[in-house]
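Treat the numbers as computed from the prediction; the structure is a model and nothing was measured.
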Amino acid sequence: MSIKKPHSNWRAKVHEIIYEADTPAGKLFDIILLIAILASILLVMLESIESLDNEYHMFFDISEWVITILFSIEYILRIISVKQPIKYVTSFYGIIDLLSTIPKYLSLIFVGTHALVAFRAIRLLRVFRILKLVRFLSASNHLVTALKASRAKISVFMLAVLIITIILGTVMYLIEGKEHGFDNIPKSVYWCIVTLTTVGFGDITPQTPLGQIIASLIMIMGYGIIAVPTGIVSAEYSKQGKDKSDDDSHSAHPLPPHPSEIDTNSQTCANCLASKHKDQAKFCFKCGYHLHHD
């Protein structure tokens, strides 16, 4: 594997500050970034209150423009500080960073779109890098696996629920009729779904004794229906943990720990954007690019 040398010093320094949270400067940058994101979201929330917007509209507008310009500069620096900008631009964080920057500019053309800065809340996921919680996210792999293993059972269950709502909705249409708000079968099915999920908007209510009995049964059934998917996923989740435990106990050569379960840091490769490098690593485990910029 060839070892690549880092690019120009100023870009390397910018990359170290923006993409890494293990250095004092990088941690300070990320903390300031999170504060700015929270402040921006708070400003938008306050601006949506008409009485406050009427009194402080200019302050809200100027503050949001200042934060948007700062985020724009940050976005540009993220692009120019990596060797392959397209990888960052098309990555998850790259797309989120763009979506959190453009709403204020779009508001110059389309009225009201500045409220889309709520996308910036997703950027708060960077707090995992700052607090070095990424290594603990490996536990979520078991949940994802359990959900995938449960999808067939849950799909069959949801199909059964759909059939039940169509049948009961049709029955309620026949029993209650238009005079009690059940104007058609789709509207009756809507009522059945609302009742089955225990939401109960109250815009349509059965008036006949038989209709009320059926409605009561649907509501009671709803609690059981809510519990079934949870039980399916929980059983699969427990099975995943048991299988892993059995494999470890019976294997003479246990599998090595996942990279997220060993000592890793927040360093991101400036060349390929790979992360989860081991502490003290000098080169990227994926492309061999130099990580430390002295």
Side-chain angles (χ1 to χ4, degrees), residues 7-134 137 266-275 293:
H7 49 319
S8 59
N9 289 334
W10 71 269
R11 288 188 180 183
K13 187 63 178 177
V14 170
H15 179 275
E16 181 179 311
I17 294 174
I18 292 181
Y19 282 94
E20 300 173 17
D22 286 328
T23 62
K27 184 169 290 188
L28 177 62
F29 173 83
D30 278 348
I31 291 174
I32 293 174
L33 177 63
L34 293 181
I35 292 174
I37 294 170
L38 289 172
S40 175
I41 295 171
L42 179 62
L43 285 171
V44 173
M45 293 173 66
L46 294 176
E47 189 179 5
S48 67
I49 302 175
E50 188 174 353
S51 59
L52 291 178
D53 184 49
N54 291 336
E55 188 171 355
Y56 302 105
H57 179 76
M58 185 63 68
F59 170 76
F60 289 148
D61 192 51
I62 293 175
S63 299
E64 185 54 38
W65 271 116
V66 170
I67 293 175
T68 297
I69 291 172
L70 290 176
F71 282 164
S72 300
I73 295 172
E74 178 225 356
Y75 182 73
I76 294 171
L77 289 175
R78 285 184 181 275
I79 291 176
I80 65 177
S81 64
V82 294
K83 290 282 287 183
Q84 301 183 49
I86 193 66
K87 283 195 173 182
Y88 161 70
V89 173
T90 56
S91 67
F92 171 77
Y93 279 118
I95 294 172
I96 294 302
D97 291 346
L98 177 62
L99 290 176
S100 66
T101 302
I102 61 174
K104 192 63 178 176
Y105 297 116
L106 289 178
S107 67
L108 297 175
I109 305 173
F110 305 103
V111 178
T113 55
H114 70 284
L116 294 176
V117 297
F119 275 113
R120 290 175 184 169
I122 304 178
R123 299 191 73 191
L124 294 174
L125 291 174
R126 295 184 189 276
V127 73
F128 288 106
R129 289 195 324 119
I130 301 174
L131 301 178
K132 298 196 74 173
L133 296 177
V134 175
L137 293 181
S266 65
Q267 288 196 345
T268 302
C269 177
N271 183 56
C272 68
L273 296 181
S275 58
H293 313 289

Problem - Phe60 and Trp65 aromatic centres sub-6.0 Å - result: no
Handout entry: Between CG on residue Leu33 and CG on residue Leu28, distance to nearest 0.5 Å
Key = 11.0 Å
Practice task
Report the residues that fulfil salt bridge (Lys or Arg N to Asp or Glu O under 4.0 Å) with Asp61, sequence neighbours left out, ordered by chain and then residue number.
Solution key: Lys104
Practice task
Mind checking the OG-CD1 spacing from Ser100 to Ile41? Nearest 0.5 Å is all I need.
Solution key: 9.5 Å
Problem - Euclidean distance, Gln84 CD relative to Thr90 OG1, rounded to 0.5 Å - result: 10.0 Å
Practice task
Work out which heavy atom in Thr101 is nearest to a heavy atom in Ser72; give both atom names and the distance.
Solution key: CG2-OG, 3.2 Å
Problem - Phe71 vs Asp97 side-chain heavy atoms within contact, under 4.5 Å - result: no
Exercise for the section: Run the numbers on Ile17 and Leu77 for side chain to side chain contact (heavy atoms under 4.5 Å, CB included), then give the verdict. Expected result: CA-CA 10 Å; Ile17 294 174; Leu77 289 175; over 6 Å; no
Problem - Set of residues satisfying side-chain hydrogen bond (donor to acceptor under 3.5 Å, both in side chains) with respect to Ser48, sequence neighbours excluded - result: none
Practice task
Could you pull out all residues at least two apart from Phe29 that satisfy ring pair (Phe, Tyr, Trp, His ring centres under 6.0 Å)?
Solution key: none
Practice task
Heavy atoms only: give me the nearest Ile79-Val82 pair and the separation to one decimal.
Solution key: O-CG2, 3.3 Å
Handout entry: Min side-chain heavy-atom separation Ile80-Trp10 under 4.5 Å
Key = yes
Exercise for the section: Could you tell me the separation between the CZ atom of Arg78 and the OG atom of Ser91, rounded to the nearest 0.5 Å? Expected result: 9.5 Å
Practice task
Determine yes or no for a side-chain-to-main-chain donor-acceptor pair under 3.5 angstrom, with Ser40 supplying the side chain and Ile37 the backbone.
Solution key: no
Exercise for the section: Answer yes or no: is there a side-chain heavy-atom contact under 4.5 Å between Arg11 and His15? Expected result: no
Exercise for the section: Check the surroundings of atom OH in Tyr56: do more than 12 heavy atoms from other residues, nucleotides or ligands lie under 6.0 Å from it? Expected result: no
Completion exercise
Here the gap from Leu52 atom CG to Leu43 atom CG, rounded to the nearest 0.5 Å, amounts to 11.0 Å
Problem - Interatomic distance, Glu64 atom CD to Ile69 atom CD1 [nearest 0.5 angstrom] - result: 10.5 Å
